[in-house]
Amino acid sequence: MSANVESERGFRDILGAEAESLERLVAAARNHFERYGYRPIILPVVEPTDLFARGVGATTDIVEKEMFFVSDGHTHADQLGDLCLRPEGTASAVRAYIDQGFDKSDPLQKFYYSGPMFRNERPQKGRYRQFHQIGAELFGAALPAADAEVIAMLRTYLESVVSAGRFTLRLNSLGCAVCRPEYVRRLKTFLAANRDALCEDCRRRIETNPLRVLDCKNESCRAILREAPHLTDSWCEACKSHFDSLLQRLKTRKVDAEWDQWLVRGLDYYTRTVFEVTAEGLGAQNAVAAGGRYDGLVELLGGVPTPALGFAIGVERLALVTGANSVAPRPKIFLASTSETTRTTAEQWADTLRRELPAVGTSVEVWTDLGGQGLKRQLQQAGKLGCAFTLILGDREVSEGKVILRDMKKSTQEDIELSIESLMRRLRERLGL
RNA sequence: GUGGGCGUAGCUCAAUUUGGUUAGAGCACCAGACUGUGGCUCUGGGGGUUGCGGGUUCAAAUCCCGUCGCCCACCCCA
């Protein structure tokens, strides 16, 4: 046991029902997002650490203590930490957008991506060091209509994969580069004056991230906050009308979303709209998806100023909400054989069936004996696999010009003329294809 | 990074309270009964350095120390 090589903490093998569930959610997202004109972008897993320090924020927990650093094998000691495993996708997408020159040539772009993200945190329910996100980013669109479309796309996707009502979408506006700094300054002053009444975490947040205090669940902190300057009151005219228009549009589009004036997000790059989807049954880590507008990020990373927004979905968490609701199983067929000759025929027939027997949504699953087993074992295997039918290609039958088709559920058998055509015809009938 | 719970066969768990033969059972796996017909039944079989390392003892799965891993929570976030 001790000699075994095991996976690192927080890194795991995903297989079985969970793997199928995750794959299905990604495929469904791809399908859904493309209807809105989004195109795939495949981003590097390794990026310069600086990208996230500048983009996500140098003082955020993600950058300060959750990065996985990568060595390229011949860096000097003073360069260790130059490269990292990406902790999130948005900064990468923005870097790619600028690298490709879209900000200069063709600003309106819609991208989606999916893949692993890495954060060096202590694992718990719904939280892993390698986890998977599906994200979408919309560049070059400043109107509230863009926010509305992105949120609508997220909401309708979630509704398509999880029974309605099991999650809630909340949104808020954090103001912009014009009005937010002034508010943060006033909030900081207020919090500092009430320092003693705040919880330990919030006292720390006054310096690191004062906005996060608004999000504190601690009852005594909440009481203090009722007297605090209101984020809402600080919005400039442009921010206010942007948010009003967004709410109005969500209403007309019948997108179920609720304004939460206390909602803030931890990443530095957000401006104006932020939103978050939470679900029950996830334990403490109840955020399934989150996103917002980041109008300053393209410029911050060296591009020409471009408005943008996006979101990311935590696939493992979404899978926890949707449960392991099984996909309709595809019909399975086992082609049993009793000799080298009949096995060869079975292989050829199996290939033909796989190619020419379509079923609704997917294809049939065809098995042949690969272990040189006796007929008994092959029947056993077919039973365990849950095959609907087993074709018995026995030498005895073949010499009589026939094969046996066994219905595994009913334990009944019928003779079929020895030809792939008659087999296919009969299977189509029996499977109702 | 902090706190709590848990580590015995592939899986689910006994035996730990009170240290005492060779660490058991169910499921799963393999073989046979049934040499060409799955599920059911019966019989037999393989499989363990009790997470790992050290200590106490005539004797440790059991007691002590350390360490690693998993789970849950804090924090943070998808």
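Within every chain, numbering begins at 1; the chains are lettered A, B, ... in the order of the sequence lines, protein sequences first and strands thereafter.
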- Message: Roughly how many Å apart are B/G5 and B/G48, using the C1' atom of each and rounding to a whole number?
- Response: 25 Å
- Message: Using only atom types and a distance under 3.5 Å, with no angle test, would you say the side chain of A/Asp369 pairs donor to acceptor with the backbone of A/Leu335?
- Response: no
- Message: Do A/Arg129 and A/Phe68 form a cation-pi contact, if we require the NZ or CZ to be under 6.0 Å from the six-membered ring centre and within 45 degrees of the ring's axis?
- Response: no
- Is there a donor-acceptor contact under 3.5 Å linking the side chains of A/Trp259 and A/Asn172? yes
- Separation of the C1' atoms in B/A60 and B/U43, to the nearest angstrom: 37 Å
- Message: Please report the distance separating the C1' of B/G24 from the corresponding atom of B/A9, rounded so that it comes out in whole Å.
- Response: 11 Å
- Parallel, tilted or perpendicular: which fits the ring planes of A/Tyr97 and A/Phe102, with parallel below 30° and perpendicular above 60°? tilted
- Item | Span that lies between the P atom of B/U16 and that of B/C74, in whole angstrom | 36 Å
- Do the charged groups of A/Arg430 and A/Asp407 touch, with an N to O distance under 4.0 Å? yes
- Partner of A/Phe33 under ring pair (Phe, Tyr, Trp, His ring centres under 6.0 Å), picked from A/Tyr113, A/Tyr157, A/Phe111, is A/Tyr157
Between the protein and nucleotides 28-31 of chain B, list every N/O to N/O distance that falls short of 3.5 Å.
unit_1: B/C30; atom_1: OP1; unit_2: A/Arg377; atom_2: NH2; d: 2.8

- Query: Dot-bracket for RNA chain B: what is it, with Watson-Crick or G-U pairs under 3.5 Å, [ ] where a pair crosses earlier ones, and | for a pair to another strand?
  - Reply: (((((((..((((......[...)))).(((((.......))))).....(((((..]....))))))))))))....
- Message: Expected output is a numbered-order residue list: members of residues 8-16 of chain A with a heavy atom under 4.0 Å from any atom of RNA chain B. What is it?
- Response: A/Arg9, A/Gly10
- Does any N or O in the side chain of A/Arg317 come within less than 3.5 Å of the main-chain N or O of A/Val288, such that one atom is a donor and the other an acceptor? no
- Message: Counting the atoms with a prime plus P, OP1 and OP2 as sugar-phosphate, which does A/Met117 contact under 4.0 Å by heavy atoms, base, sugar-phosphate, or nothing?
- Response: nothing
- Message: Does atom CD (A/Glu280) have a neighbourhood of more than 12 heavy atoms from anything else shown, all under 6.0 Å?
- Response: no
- Item | Residues, nucleotides or ligands: over 12 heavy atoms within 6.0 Å of A/Glu429 CD | yes
- Contact pattern, 5' to 3', of nucleotides 71-78 of chain B - B, S or - by protein heavy atom under 4.0 Å: -SBBBBBB
- B/C40 and B/A33: how far apart are their C1' atoms, nearest whole angstrom? 14 Å
- Message: A/Trp367 vs A/Glu365, test: side-chain hydrogen bond (donor to acceptor under 3.5 Å, both in side chains). Steps then yes/no.
- Response: CA-CA 7 Å; A/Trp367 290 71; A/Glu365 182 173 316; 2.9 Å; yes
- Using the C1' atom in both, what is the distance from B/A15 to B/U21, to the nearest Å? 14 Å
- Message: For the P atoms, the ones on B/C27 and on B/C64, what distance do you get once it is rounded to whole angstrom?
- Response: 36 Å
- How far apart are the closest heavy atoms of A/Gln378 and A/Ser337, and which atoms are they? NE2-O, 2.8 Å
- More than 12 foreign heavy atoms under 6.0 Å from CD of A/Glu23: is that the case here? no
- Item | Same-atom distance (P) from B/C11 to B/C76, integer angstrom | 36 Å
- Option passing side chain to side chain donor-acceptor pair (under 3.5 Å) with A/Thr90 (candidates A/Glu137, A/Gln133, A/Arg95): A/Glu137
- Query: What residue pairs, at least two apart or across chains, pass salt bridge (charged side-chain N to carboxylate O under 4.0 Å, His left out) with a residue in residues 383-400 of chain A?
  - Reply: A/Glu400-A/Lys402
Using a cutoff of under 3.5 Å, can you pull out all pairs of nitrogen or oxygen atoms linking the protein to nucleotides 34-37 of chain B, with atom names and distances?
unit_1: B/C34; atom_1: O2; unit_2: A/Lys376; atom_2: NZ; d: 3.2
unit_1: B/G36; atom_1: N7; unit_2: A/Arg396; atom_2: NH2; d: 3.1
unit_1: B/G36; atom_1: O6; unit_2: A/Arg396; atom_2: N; d: 2.5
unit_1: B/G36; atom_1: N1; unit_2: A/Glu397; atom_2: OE1; d: 2.7
unit_1: B/G36; atom_1: N1; unit_2: A/Glu397; atom_2: OE2; d: 3.3
unit_1: B/G36; atom_1: N2; unit_2: A/Glu397; atom_2: OE1; d: 2.8
unit_1: B/G36; atom_1: N2; unit_2: A/Glu397; atom_2: OE2; d: 2.6
unit_1: B/U37; atom_1: O2; unit_2: A/Arg406; atom_2: NH1; d: 3.3
unit_1: B/U37; atom_1: O2; unit_2: A/Gln413; atom_2: OE1; d: 2.6
unit_1: B/U37; atom_1: N3; unit_2: A/Gln413; atom_2: OE1; d: 3.0

- Ionic contact status for A/Arg155 with A/Glu159, cut-off 4.0 Å: yes
- Item | Polar side-chain atom of A/Ser21 near backbone of A/Ala17 as donor-acceptor pair, under 3.5 Å | no
